[in-house]
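Here the structure comes first, spelled out in structure tokens, and everything after it is commentary.
Computation of the quantities below employed the complete heavy-atom set of this structure, encompassing side-chain atoms and omitting hydrogens, waters and symmetry-equivalent molecules. Both ligands and their constituent atoms are indexed starting at 1 by order of listing.
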Amino acid sequence: MVISGPSGVGKSTVCERLCEALPAEFSVSYTTRPIRAGETEGRNYRFVSPEEFERVRIGGGMLECAQVYGHWYGTPLEPVRRALDEGRSIILEIDIHGAMQVRRVYADARAYFLLPPSPEEQRRRIIDRRTDAATEIARRLERADGEIRFAHESGCYNRFIVNDDLDGTVREIIEDIQREVAHDRSAAK
Ligand code: 5GP
């Protein structure tokens, strides 16, 4: 399962809730971005140097990777393979370029793109987070429009969900997954 969306849309909270409710495992990405206050190494991300990132990537250890806001991010391949082999669900919180790469490998992945209720609400959420410098906030807001357009054009997402109510968003995703599972089961009979 892939969750994407512009900065400040509430992806991490939605992922946390989905992991508990489904249940599902969260795919911990590698990143070269510096750790933020409140983040934990190994839980939010594996924070690595650009050299370490490159070593893992060249060694074939990543399912996908992309440069976002000037830093590298990538999904380690092995935990995804293991979860799927063992019949567990796994959630990837990744950008559009990553989602497109995942689709090439796992065509049946379900991909959701979260939309902010409004640009004002998105700005408020990023500022409330108090983790990014003003220039970084401006950069992230500036990219949002283009990202949303690109997400529509990519044809990669099964659903676009306006995240104005956390419970409603989580419910919508769970119901979609349950419908898909039921559909797969009846197709397999
Ligand atoms: P942040 O720095 O706010 O945690 O994340 C910035 C962006 O990178 C978000 O759009 C997030 O979804 C994306 N991202 C996080 N991990 C990965 C990953 O492993 N691969 C890709 N392609 N994007 C990621």
request  = Give the C-alpha distance, both sets of side-chain angles, the deciding distance and a yes or no for ring pair (Phe, Tyr, Trp, His ring centres under 6.0 Å) between Tyr112 and Phe160.
outcome  = CA-CA 6 Å; Tyr112 306 93; Phe160 288 80; over 10 Å; no
message = Applying ring pair (Phe, Tyr, Trp, His ring centres under 6.0 Å) to His97 and Phe150, what does each step give before you reach the verdict?
response = CA-CA 10 Å; His97 298 279; Phe150 182 36; 5.2 Å; yes
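Looking only at protein heavy atoms, the nearest one to atom 7 (C) of ligand 1 is Val68 CG1, 3.7 Å. For atom 19 (O) of ligand 1, the closest non-hydrogen atom of the protein is Ser29 OG, 2.6 Å. Nearest protein heavy-atom contact of atom 3 (O) of ligand 1 is Arg140 NH1, 2.8 Å. Among all non-hydrogen protein atoms, the one lying nearest atom 17 (C) of ligand 1 is Tyr73 CB, 3.4 Å. Atom 20 (N) of ligand 1 has its closest protein heavy atom at Glu64 OE2, 2.7 Å. Summary of contacts: the protein heavy atom closest to atom 23 (N) of ligand 1 is Asp95 N, 3.1 Å.
Annotation for Arg36: atom CZ counts as buried by contact number, over 12 foreign heavy atoms lying within 6.0 Å. More than 12 heavy-atom neighbours from other residues, nucleotides or ligands sit within 6.0 angstrom of CZ on Arg103.
Set against the non-hydrogen atoms of Glu93, the atoms of ligand 1 under 4.0 Å away are 12 (O), 14 (N), 15 (C), 16 (N), 17 (C), 24 (C). Ligand 1 places these atoms under 4.0 Å from at least one heavy atom of Lys11: 12 (O). Atoms of ligand 1 lying under 4.0 Å from any heavy atom of Arg33, numbered from 1 in the order shown and given with element: 1 (P), 2 (O), 4 (O). In summary, the atoms of ligand 1 found under 4.0 Å from a heavy atom of Ala66, numbered by their order in the structure, are 22 (N). Under a 4.0 Å criterion applied to the non-hydrogen atoms of Gly98, ligand 1 contributes the atoms 22 (N).
Here CD1 of Ile3 is found 5.0 Å from SG of Cys15. Values are rounded to the nearest 0.5 Å.
Every heavy atom of Ser4 sits 4.0 Å or more from the atoms of ligand 1.
A continuous path of Ile, Leu, Val, Met, Phe, Trp and Tyr side chains, each step under 4.5 Å between heavy atoms, connects Val9 with Met1, placing both in one hydrophobic cluster.
Residue-to-ligand polar distances keep Ile3 apart from ligand 1: every N/O pair is separated by 3.5 Å or more. Looking at ligand 1, you'll find an N or O of Arg36 within less than 3.5 Å of one of its N or O atoms.
For the pair Ser4 (side chain) and Ile94 (backbone), a donor-acceptor distance under 3.5 Å is present.
In terms of heavy atoms, Val162 sits closest to Pro117 at CG1-CA, 3.8 Å.
Heavy atoms of Ile94 found under 4.0 angstrom from ligand 1 belong to the backbone as well as the side chain.
Within the structure, salt bridge (charged side-chain N to carboxylate O under 4.0 Å, His left out) pairs that include any residue of residues 156-166 comprise Arg159-Glu172, Arg159-Asp176 (at least two apart or interchain).
For the residues Tyr30, Tyr69, Tyr45, the heavy atom positioned nearest atom 1 (P) of ligand 1 is part of Tyr45.
A side-chain donor from one of Asn163 and Thr169 sits under 3.5 Å from a side-chain acceptor of the other.
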